[in-house]
Amino acid sequence: MPELPEVEVTRRSVASRVQGARILAVRLGKPLRWPLDMAPGALAGQTVTDVGRRGKYLLLHLAPGGVLLVHLGMSGSLGFWREPPAPGPHDHFDLLTTAGVLRLHDPRRFGAVVWSPHADMGMAAKLLGKLGMEPLSADFDPARFHAGLRRRQAPVKQVLLGGDLVVGVGNIYASEALFMAGIRPTVAASRLSRPRADRLHAAIREVLARAVARGGSTLRDFVGVDGNAGHFQLESAVYGRAGQPCRACGAPIRRLIQGQRATYYCPVCQKA
DNA sequence: CTATGGACCTGAATGC
DNA sequence: TGCATTCAGGTCCATA
């Protein structure tokens, strides 16, 4: 479900609710991607000082002790209640605080919660250490982006998904950004000229920033922290539109598989 | 080091 | 209606 915009929207609403709250306990459901071995009272007494984000990871900074890292995987969402309903079969993590309960709901359990005390940043460092540039920050530099692309022989779409050059571009927005830049997803990343890399750089920023501004509502079943479903307005140019006419030129949108993931593009607007 | 395919898990949609 | 197959927004890991 979540790509960077959805995670960012989630971050903002989580921050507004739990920042400054003190943790009372945690409740664990089924194991997520990595089992979290933690007693219910393990974090009790810690305060949530800040809610950050790196790529698609949410970072709950706790004082005095460390960072609680949360990833939503493919199907995860966070909810917040003053008085939460009884946990369902897919509610796998509750953070009980003085402000209310933050709950991770994740049917497929590809998501994760990782606790890293400051003394031992092992797991968090390993997960965050290889991440690429943040696309919505000044850190996302066109020259470095182009240099990174030039070193890769793989199709540009798969390089975008890799997350080691630039983070946060998921399967939907990868297709959308490539369409906006007029670049075919199958082109070897190394073959992109600087001007075309610059167009892609700008397209990534624009597509993601627009989705954030719309509250992450571009995804079909995005569920905000307040429980409201999105507006069900998947306004994609190409994603999920195989066979339908390109909104720019009318040619039928094509679908192909790259690295076991669906890719969509316009054969006319994206020549190479 | 890079590139590729498999793995993890469940539910919804589709097809016969 | 029932049952099998396909597909889904992520990313780590083993293997060449």
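Each chain gets a letter, A, B and so on, in the order its sequence line appears, and its residues count up from 1.
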Quiz item: Who is the Watson-Crick or G-U wobble partner of B:dC9, with both distances under 3.5 Å?
Solution: none
Choose from [options] the nucleotide whose nearest atom is closest to any side-chain atom of [X].
X	options	answer
A:H90	B:dT10, C:dA8, C:dG10	B:dT10
A:P155	C:dC12, B:dT4, B:dG11	B:dT4
A:R261	B:dT2, B:dT4, C:dT11	C:dT11
A:N171	C:dG10, B:dT2, B:dG11	C:dG10
A:L127	C:dC12, B:dC9, C:dA8	C:dC12
A:Q158	B:dC8, B:dT4, B:dT10	B:dT4
A:H71	B:dG11, C:dC12, C:dG10	C:dG10
A:Y239	B:dT2, C:dA8, C:dT11	C:dA8

Separation of [N] [atom2] from [X] [atom1] (nearest whole Å):
X	N	atom1	atom2	result
A:M123	C:dC13	CE	P	7 Å
A:L161	B:dT4	CG	C1'	14 Å
A:L165	C:dT11	CG	P	15 Å
A:R54	C:dG10	CZ	C1'	16 Å
A:D106	C:dT11	CG	P	12 Å
A:D164	B:dT4	CG	P	13 Å
A:Q258	C:dC7	CD	P	16 Å
A:K56	C:dG10	NZ	C1'	6 Å

Quiz prompt | Sole candidate of A:L96, A:L60, A:T97 that passes side chain to side chain contact (heavy atoms under 4.5 Å, CB included) when paired with A:L102 | solution =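 Checked A:L96, A:L60, A:T97 against A:L102; only one passes side chain to side chain contact (heavy atoms under 4.5 Å, CB included): A:L60.
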Practice problem: Answer yes or no for this row: A:F110 ring on C:dT11 base, centroids under 5.5 Å, planes under 30°. | Solution: no
For a quick check, tell me whether the side chain of [X] and the base of [N] share a donor-acceptor pair closer than 3.5 Å.
X	N	answer
A:E3	C:dG10	no
A:R108	B:dC9	yes
A:R33	C:dT11	yes

Quiz item: Got a salt bridge between A:K56 and A:E3, using NZ or NE/NH1/NH2 to carboxylate O under 4.0 Å?
Solution: no
Quiz item: How many angstroms lie between atom CZ of A:R254 and atom SG of A:C266, to the nearest 0.5 angstrom?
Solution: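 Answer rounded to 0.5 Å: 8.5 Å.
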Self-check item: Sugar-phosphate, base or nothing in reach of A:Q260, heavy atoms under 4.0 Å
Solution: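 The answer is base, as A:Q260 lies within the cut-off (heavy atoms under 4.0 Å) of a base atom.
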Quiz item: Across the strands shown, which category fits A:K130 at heavy-atom distances under 4.0 angstrom: base, sugar-phosphate, nothing?
Solution: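 Since no nucleic acid heavy atom lies under 4.0 Å of A:K130, the category is nothing.
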Quiz item: Counting only side-chain N and O atoms of A:Y173, is one of them less than 4.0 Å from OP1 or OP2 of C:dG10?
Solution: no
Quiz item: Between A:K30 and B:dC9, does any side-chain N or O lie under 4.0 Å from OP1 or OP2?
Solution: no
Quiz prompt | Stepwise side chain to side chain contact (heavy atoms under 4.5 Å, CB included) test for A:R241 and A:Y264 | solution = CA-CA 7 Å; A:R241 300 191 63 242; A:Y264 300 84; 5.7 Å; no
Quiz item: Shortest non-hydrogen contact from A:L161 to A:N171?
Solution: CD2-N, 3.5 Å
Quiz item: More 5' along DNA chain C: A:G73 or A:K126, using each one's nearest nucleotide?
Solution: A:G73
Quiz item: Is any side-chain heavy atom of A:R27 less than 4.5 Å from a side-chain heavy atom of A:D91?
Solution: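 When only atoms from C-beta onward are counted, A:D91 and A:R27 do touch, with a gap below 4.5 Å.
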